[in-house]
Amino acid sequence: MKIAVPATSANLGSGFDSLGLAVNLYNNIYIEESDTIDIASLDSTPVPTGGDNLIFTAAQSLFALCGSRLKGLKIRQENNIPMTRGLGSSSACIIAGLVGANELLGCPLNTDALVNLAAEIEGHPDNTTPALLGGLVTAVMEERRVYYIKQEITGHLKLFAFIPDFELSTEFARGVLPETVSRRDAVHNLSRAALMSASLLEGKYENLRVAVNDRLHQPYRLGYISGASEVFDMAYGFGAYAAFISGSGSALMAITNAEDITFEEKARKALDTMGKTSWRLLPLRIDNNGAQVIQGA
Ligand code: HSE
(Lines give C-alpha, C1' and ligand atoms only; values in the text may rest on other atoms or scores of the structure.)
Protein backbone atom coordinates (compact mmCIF):
# COMPACT_ATOMS: atom_id res chain seq x y z
CA MET A 1 0.00 0.00 0.00
CA LYS A 2 1.01 3.60 -0.49
CA ILE A 3 0.43 6.23 2.19
CA ALA A 4 0.71 9.90 1.24
CA VAL A 5 1.20 12.14 4.27
CA PRO A 6 1.18 15.96 4.06
CA ALA A 7 3.76 18.33 5.49
CA THR A 8 2.51 20.50 8.32
CA SER A 9 3.25 23.93 9.68
CA ALA A 10 2.71 24.13 13.43
CA ASN A 11 2.12 27.10 15.76
CA LEU A 12 1.05 29.68 13.11
CA GLY A 13 2.94 32.19 15.25
CA SER A 14 0.77 32.67 18.33
CA GLY A 15 -0.70 29.15 18.56
CA PHE A 16 2.36 27.57 20.14
CA ASP A 17 1.93 23.79 20.53
CA SER A 18 -1.78 24.08 19.70
CA LEU A 19 -2.41 25.16 16.08
CA GLY A 20 -1.23 23.38 12.94
CA LEU A 21 -1.97 23.47 9.24
CA ALA A 22 -1.47 20.73 6.63
CA VAL A 23 0.00 21.73 3.25
CA ASN A 24 0.19 20.06 -0.14
CA LEU A 25 3.71 18.67 0.03
CA TYR A 26 3.72 14.92 0.60
CA ASN A 27 5.96 12.10 1.72
CA ASN A 28 4.93 8.91 -0.07
CA ILE A 29 5.53 5.79 1.96
CA TYR A 30 5.12 2.27 0.55
CA ILE A 31 4.49 -0.39 3.19
CA GLU A 32 4.24 -4.17 2.78
CA GLU A 33 4.15 -7.03 5.26
CA SER A 34 7.52 -8.70 5.73
CA ASP A 35 9.18 -11.02 8.25
CA THR A 36 12.31 -8.88 8.16
CA ILE A 37 13.06 -5.17 8.42
CA ASP A 38 13.62 -4.08 4.83
CA ILE A 39 13.77 -0.26 4.64
CA ALA A 40 15.14 1.95 1.89
CA SER A 41 14.88 5.50 0.62
CA LEU A 42 13.57 6.01 -2.91
CA ASP A 43 15.53 9.25 -3.28
CA SER A 44 18.80 10.78 -2.21
CA THR A 45 17.58 11.48 1.37
CA PRO A 46 19.31 9.04 3.72
CA VAL A 47 16.91 7.30 6.15
CA PRO A 48 17.55 4.93 9.05
CA THR A 49 17.21 1.42 7.64
CA GLY A 50 17.11 -0.53 10.92
CA GLY A 51 14.73 -1.05 13.82
CA ASP A 52 15.20 2.60 14.82
CA ASN A 53 13.41 3.90 11.70
CA LEU A 54 10.58 6.18 12.91
CA ILE A 55 8.00 4.73 10.52
CA PHE A 56 8.84 1.26 11.78
CA THR A 57 8.90 2.19 15.49
CA ALA A 58 5.54 3.98 15.11
CA ALA A 59 4.09 0.87 13.46
CA GLN A 60 5.55 -1.25 16.27
CA SER A 61 3.83 0.97 18.87
CA LEU A 62 0.46 0.43 17.24
CA PHE A 63 0.99 -3.33 17.03
CA ALA A 64 2.02 -3.37 20.72
CA LEU A 65 -1.09 -1.38 21.69
CA CYS A 66 -3.16 -4.01 19.89
CA GLY A 67 -1.35 -6.84 21.67
CA SER A 68 0.68 -7.97 18.62
CA ARG A 69 4.38 -8.04 17.90
CA LEU A 70 5.71 -6.59 14.67
CA LYS A 71 8.80 -8.44 13.52
CA GLY A 72 9.42 -6.73 10.24
CA LEU A 73 8.07 -4.53 7.46
CA LYS A 74 9.07 -3.61 3.95
CA ILE A 75 9.17 0.20 3.82
CA ARG A 76 10.10 2.41 0.89
CA GLN A 77 10.26 6.15 1.59
CA GLU A 78 9.87 8.96 -0.92
CA ASN A 79 10.92 11.98 1.12
CA ASN A 80 9.60 15.26 -0.30
CA ILE A 81 9.27 17.04 3.06
CA PRO A 82 12.63 18.59 4.00
CA MET A 83 13.91 17.21 7.30
CA THR A 84 14.56 19.21 10.49
CA ARG A 85 13.09 22.40 9.02
CA GLY A 86 9.84 22.65 11.01
CA LEU A 87 7.69 21.21 8.23
CA GLY A 88 6.55 18.08 10.06
CA SER A 89 8.81 15.45 8.47
CA SER A 90 8.98 13.36 11.65
CA SER A 91 5.22 13.62 12.14
CA ALA A 92 4.76 12.42 8.56
CA CYS A 93 6.86 9.33 9.40
CA ILE A 94 4.87 8.67 12.59
CA ILE A 95 1.53 9.01 10.78
CA ALA A 96 2.70 6.78 7.91
CA GLY A 97 3.79 4.08 10.36
CA LEU A 98 0.58 4.26 12.40
CA VAL A 99 -1.79 4.39 9.43
CA GLY A 100 0.09 1.59 7.65
CA ALA A 101 0.12 -0.64 10.74
CA ASN A 102 -3.55 0.06 11.42
CA GLU A 103 -4.43 -0.97 7.85
CA LEU A 104 -2.37 -4.17 8.14
CA LEU A 105 -4.28 -5.14 11.30
CA GLY A 106 -7.72 -4.43 9.77
CA CYS A 107 -8.16 -0.94 11.28
CA PRO A 108 -8.61 -1.72 15.01
CA LEU A 109 -7.86 1.92 15.95
CA ASN A 110 -10.34 4.68 15.17
CA THR A 111 -9.30 8.23 14.28
CA ASP A 112 -9.27 9.48 17.87
CA ALA A 113 -7.04 6.60 18.97
CA LEU A 114 -4.65 7.30 16.08
CA VAL A 115 -4.56 11.01 16.99
CA ASN A 116 -3.76 10.15 20.63
CA LEU A 117 -1.05 7.62 19.84
CA ALA A 118 0.62 9.89 17.27
CA ALA A 119 0.74 12.83 19.70
CA GLU A 120 2.08 10.61 22.46
CA ILE A 121 4.94 9.47 20.21
CA GLU A 122 5.71 13.01 18.96
CA GLY A 123 5.21 14.72 22.34
CA HIS A 124 2.90 17.46 21.06
CA PRO A 125 -0.20 17.24 18.85
CA ASP A 126 0.17 20.26 16.56
CA ASN A 127 1.99 18.50 13.68
CA THR A 128 0.77 14.92 13.96
CA THR A 129 -2.95 15.78 14.06
CA PRO A 130 -3.06 17.88 10.86
CA ALA A 131 -0.73 15.37 9.17
CA LEU A 132 -3.38 12.71 9.82
CA LEU A 133 -6.50 14.80 9.23
CA GLY A 134 -5.49 17.76 7.04
CA GLY A 135 -6.84 21.29 7.34
CA LEU A 136 -6.43 23.60 10.29
CA VAL A 137 -6.22 21.72 13.56
CA THR A 138 -6.63 23.14 17.04
CA ALA A 139 -5.40 20.60 19.56
CA VAL A 140 -4.87 20.30 23.29
CA MET A 141 -3.15 17.33 24.90
CA GLU A 142 -4.30 16.50 28.39
CA GLU A 143 -3.39 13.35 30.26
CA ARG A 144 -2.38 11.43 27.12
CA ARG A 145 -5.57 12.38 25.31
CA VAL A 146 -5.85 14.91 22.49
CA TYR A 147 -8.90 17.17 22.41
CA TYR A 148 -8.98 18.52 18.88
CA ILE A 149 -10.99 20.17 16.14
CA LYS A 150 -10.11 19.84 12.46
CA GLN A 151 -11.54 22.53 10.20
CA GLU A 152 -11.26 22.86 6.47
CA ILE A 153 -9.85 26.13 5.20
CA THR A 154 -11.45 26.83 1.87
CA GLY A 155 -10.38 30.45 1.51
CA HIS A 156 -8.34 31.63 -1.39
CA LEU A 157 -4.94 31.43 0.23
CA LYS A 158 -1.44 30.48 -0.82
CA LEU A 159 1.46 29.73 1.47
CA PHE A 160 5.14 30.19 0.80
CA ALA A 161 7.74 28.20 2.67
CA PHE A 162 11.13 29.89 2.90
CA ILE A 163 13.45 26.96 3.54
CA PRO A 164 17.02 27.72 4.68
CA ASP A 165 19.93 25.44 3.89
CA PHE A 166 20.48 24.78 7.62
CA GLU A 167 18.61 22.59 10.06
CA LEU A 168 17.18 23.50 13.46
CA SER A 169 16.26 20.57 15.65
CA THR A 170 13.01 20.80 17.57
CA GLU A 171 14.80 19.59 20.70
CA PHE A 172 17.27 22.48 20.50
CA ALA A 173 14.58 25.02 19.55
CA ARG A 174 12.48 23.98 22.57
CA GLY A 175 15.54 24.11 24.82
CA VAL A 176 16.01 27.86 24.19
CA LEU A 177 12.53 28.73 25.48
CA PRO A 178 11.99 30.12 28.98
CA GLU A 179 10.26 27.94 31.57
CA THR A 180 7.89 30.71 32.67
CA VAL A 181 6.25 33.67 30.94
CA SER A 182 4.58 36.82 32.23
CA ARG A 183 0.80 37.17 32.41
CA ARG A 184 1.11 39.95 29.85
CA ASP A 185 2.78 37.62 27.35
CA ALA A 186 0.33 34.80 28.10
CA VAL A 187 -2.64 37.09 27.41
CA HIS A 188 -0.89 38.48 24.32
CA ASN A 189 -0.69 34.97 22.85
CA LEU A 190 -3.95 33.40 23.90
CA SER A 191 -5.97 36.29 22.48
CA ARG A 192 -4.03 36.17 19.20
CA ALA A 193 -4.18 32.37 18.83
CA ALA A 194 -7.96 32.54 19.18
CA LEU A 195 -8.08 35.40 16.68
CA MET A 196 -5.87 33.42 14.26
CA SER A 197 -8.14 30.38 13.93
CA ALA A 198 -11.36 32.39 13.92
CA SER A 199 -10.01 34.79 11.28
CA LEU A 200 -8.74 31.98 9.04
CA LEU A 201 -12.14 30.33 9.19
CA GLU A 202 -14.11 33.51 8.62
CA GLY A 203 -11.80 34.70 5.86
CA LYS A 204 -11.00 37.92 7.73
CA TYR A 205 -7.41 37.86 6.54
CA GLU A 206 -6.61 41.46 7.45
CA ASN A 207 -6.59 40.21 11.08
CA LEU A 208 -3.79 37.73 10.46
CA ARG A 209 -0.87 40.13 10.79
CA VAL A 210 -1.90 40.95 14.35
CA ALA A 211 -3.13 37.43 15.14
CA VAL A 212 0.19 35.80 14.16
CA ASN A 213 2.25 37.92 16.58
CA ASP A 214 3.89 35.76 19.19
CA ARG A 215 5.74 36.29 22.46
CA LEU A 216 6.13 32.70 23.66
CA HIS A 217 8.62 31.17 21.23
CA GLN A 218 9.49 33.24 18.17
CA PRO A 219 11.47 35.97 20.00
CA TYR A 220 13.73 33.26 21.48
CA ARG A 221 14.14 31.33 18.22
CA LEU A 222 14.58 34.11 15.69
CA GLY A 223 18.24 34.60 16.58
CA TYR A 224 18.98 31.05 15.42
CA ILE A 225 17.48 31.68 11.97
CA SER A 226 19.81 34.17 10.40
CA GLY A 227 17.94 36.81 8.41
CA ALA A 228 14.47 35.69 9.57
CA SER A 229 13.33 39.19 10.57
CA GLU A 230 14.40 40.57 7.17
CA VAL A 231 12.45 37.79 5.43
CA PHE A 232 9.36 38.64 7.51
CA ASP A 233 9.71 42.35 6.63
CA MET A 234 10.15 41.44 2.97
CA ALA A 235 7.07 39.18 2.97
CA TYR A 236 4.94 41.90 4.57
CA GLY A 237 6.39 44.45 2.15
CA PHE A 238 5.14 42.29 -0.73
CA GLY A 239 1.65 42.09 0.80
CA ALA A 240 1.67 38.86 2.85
CA TYR A 241 -1.19 38.52 5.33
CA ALA A 242 1.05 36.81 7.87
CA ALA A 243 4.59 35.52 8.28
CA PHE A 244 5.86 33.20 11.00
CA ILE A 245 8.38 30.52 11.92
CA SER A 246 7.08 27.19 10.64
CA GLY A 247 6.90 24.93 13.71
CA SER A 248 10.20 25.26 15.51
CA GLY A 249 12.04 26.34 12.31
CA SER A 250 14.28 26.68 10.50
CA ALA A 251 11.72 27.26 7.71
CA LEU A 252 9.63 30.43 7.67
CA MET A 253 6.13 30.60 6.26
CA ALA A 254 4.15 33.41 4.66
CA ILE A 255 0.42 33.41 3.92
CA THR A 256 -0.69 35.40 0.89
CA ASN A 257 -3.77 35.92 -1.21
CA ALA A 258 -3.93 33.20 -3.87
CA GLU A 259 -4.71 35.86 -6.50
CA ASP A 260 -1.32 37.46 -5.94
CA ILE A 261 0.72 36.05 -8.81
CA THR A 262 3.71 38.34 -8.29
CA PHE A 263 4.71 37.38 -4.71
CA GLU A 264 6.82 34.36 -5.67
CA GLU A 265 8.96 36.14 -8.23
CA LYS A 266 9.48 39.19 -6.03
CA ALA A 267 10.31 37.08 -2.97
CA ARG A 268 12.77 34.94 -4.92
CA LYS A 269 14.58 38.01 -6.21
CA ALA A 270 14.66 39.52 -2.71
CA LEU A 271 16.09 36.33 -1.22
CA ASP A 272 18.83 36.34 -3.85
CA THR A 273 19.57 40.02 -3.17
CA MET A 274 19.88 39.18 0.55
CA GLY A 275 22.47 36.55 -0.37
CA LYS A 276 20.10 33.72 0.43
CA THR A 277 20.47 32.02 -2.93
CA SER A 278 20.59 28.59 -1.28
CA TRP A 279 17.21 29.08 0.41
CA ARG A 280 14.31 27.31 -1.30
CA LEU A 281 11.05 29.14 -1.84
CA LEU A 282 8.18 26.70 -2.10
CA PRO A 283 4.64 27.77 -3.07
CA LEU A 284 2.05 25.67 -1.24
CA ARG A 285 -1.69 25.29 -0.74
CA ILE A 286 -3.61 24.08 2.29
CA ASP A 287 -4.32 20.34 2.28
CA ASN A 288 -7.75 19.61 3.72
CA ASN A 289 -7.59 15.81 3.37
CA GLY A 290 -4.67 14.60 5.50
CA ALA A 291 -3.02 11.21 5.12
CA GLN A 292 -4.34 9.08 2.25
CA VAL A 293 -4.03 5.31 1.85
CA ILE A 294 -3.87 3.89 -1.66
CA GLN A 295 -4.26 0.12 -1.50
CA GLY A 296 -2.48 -1.97 -4.09
CA ALA A 297 0.07 0.77 -4.86
N1 HSE B 1 4.99 23.29 18.56
C2 HSE B 1 6.27 22.68 18.34
C3 HSE B 1 7.36 23.69 18.69
C4 HSE B 1 6.33 22.29 16.91
O5 HSE B 1 7.22 24.84 18.31
O6 HSE B 1 8.32 23.32 19.35
C7 HSE B 1 7.57 21.62 16.49
O8 HSE B 1 7.54 21.45 15.08
Side-chain angles (χ1 to χ4, degrees), residues 5-23 25 27 54 58 79-96 115-116 118-142 146-150 159 161-164 166-181 185-186 188-190 192-194 196-197 200 211-225 228 232 242-253 282 284 286-287 290-291:
V5 189
T8 46
S9 188
N11 299 333
L12 308 186
S14 54
F16 179 64
D17 275 1
S18 50
L19 295 179
L21 199 57
V23 294
L25 172 68
N27 276 3
L54 189 52
N79 310 282
N80 299 311
I81 307 172
M83 293 200 189
T84 333
R85 299 294 199 287
L87 290 164
S89 62
S90 65
S91 289
C93 290
I94 292 167
I95 294 300
V115 164
N116 290 337
E120 191 177 328
I121 295 170
E122 178 78 334
H124 34 86
D126 51 339
N127 283 116
T128 48
T129 318
L132 179 66
L133 304 174
L136 171 70
V137 168
T138 308
V140 170
M141 199 164 159
E142 189 168 295
V146 181
Y147 297 80
Y148 67 92
I149 293 286
K150 172 247 168 125
L159 289 96
F162 295 80
I163 309 172
F166 54 87
E167 303 183 342
L168 193 57
S169 86
T170 298
E171 194 186 352
F172 176 83
R174 291 180 86 78
V176 303
L177 305 183
E179 278 298 320
T180 55
V181 297
D185 287 355
H188 178 100
N189 267 68
L190 69 87
R192 282 164 178 76
M196 172 57 83
S197 49
L200 276 174
V212 78
N213 196 275
D214 162 79
R215 287 192 188 165
L216 299 187
H217 68 109
Q218 292 201 166
Y220 308 99
R221 291 171 164 172
L222 277 177
Y224 297 97
I225 308 173
F232 287 167
F244 51 91
I245 298 176
S246 184
S248 59
S250 56
L252 311 173
M253 195 70 86
L282 213 53
L284 297 163
I286 292 168
D287 169 293

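Computed from heavy atoms alone, side chains included, the values below leave out hydrogens, waters and symmetry copies. Note that ligands are numbered from 1 as they come in the structure, with each ligand's atoms numbered from 1 the same way.
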Establish, yes or no, whether a centroid distance under 6.0 Å links the rings of F172 and Y224. yes
Which ligand 1 atoms, with their elements, are less than 4.0 angstrom from a heavy-atom of [X]?
X    : answer
N127 : 4 (C), 7 (C), 8 (O)
D126 : 1 (N), 2 (C), 4 (C)
N11  : 1 (N), 3 (C), 5 (O)
R221 : 3 (C), 5 (O), 6 (O)
G247 : 5 (O), 8 (O)
F16  : 3 (C), 5 (O), 6 (O)
R174 : 1 (N), 2 (C), 3 (C), 6 (O)

Can you tell me which portion of [X] lies within the under-4.0 Å heavy-atom range of ligand 1? Options are side chain, backbone, both, or neither.
X    : value
D17  : both
R85  : neither
H217 : neither

Is it the case that ligand 1 has an N or O less than 3.5 angstrom from some N or O of H124? no
Qualifying residue, where the test is side chain to side chain donor-acceptor pair (under 3.5 Å) with T8 and the options are T129, N127, D287: N127
Close approach of Q218 to ligand 1, heavy atoms, under 4.0 angstrom: no
Quiz question: by atom type and distance under 3.5 Å, do the side chains of [X] and [Y] form a donor-acceptor pair?
X    : Y    : answer
E122 : T128 : no
N189 : D214 : yes
T170 : S248 : yes

D17 and R174 ion-paired at < 4.0 Å: yes
Knowing that exactly one of L252, L12, N11 qualifies, which makes a side-chain contact (heavy atoms from CB on, under 4.5 Å) with I245? L252
What one should report as the nearest heavy-atom pair of I94 and A58 is O-CB, 3.6 Å
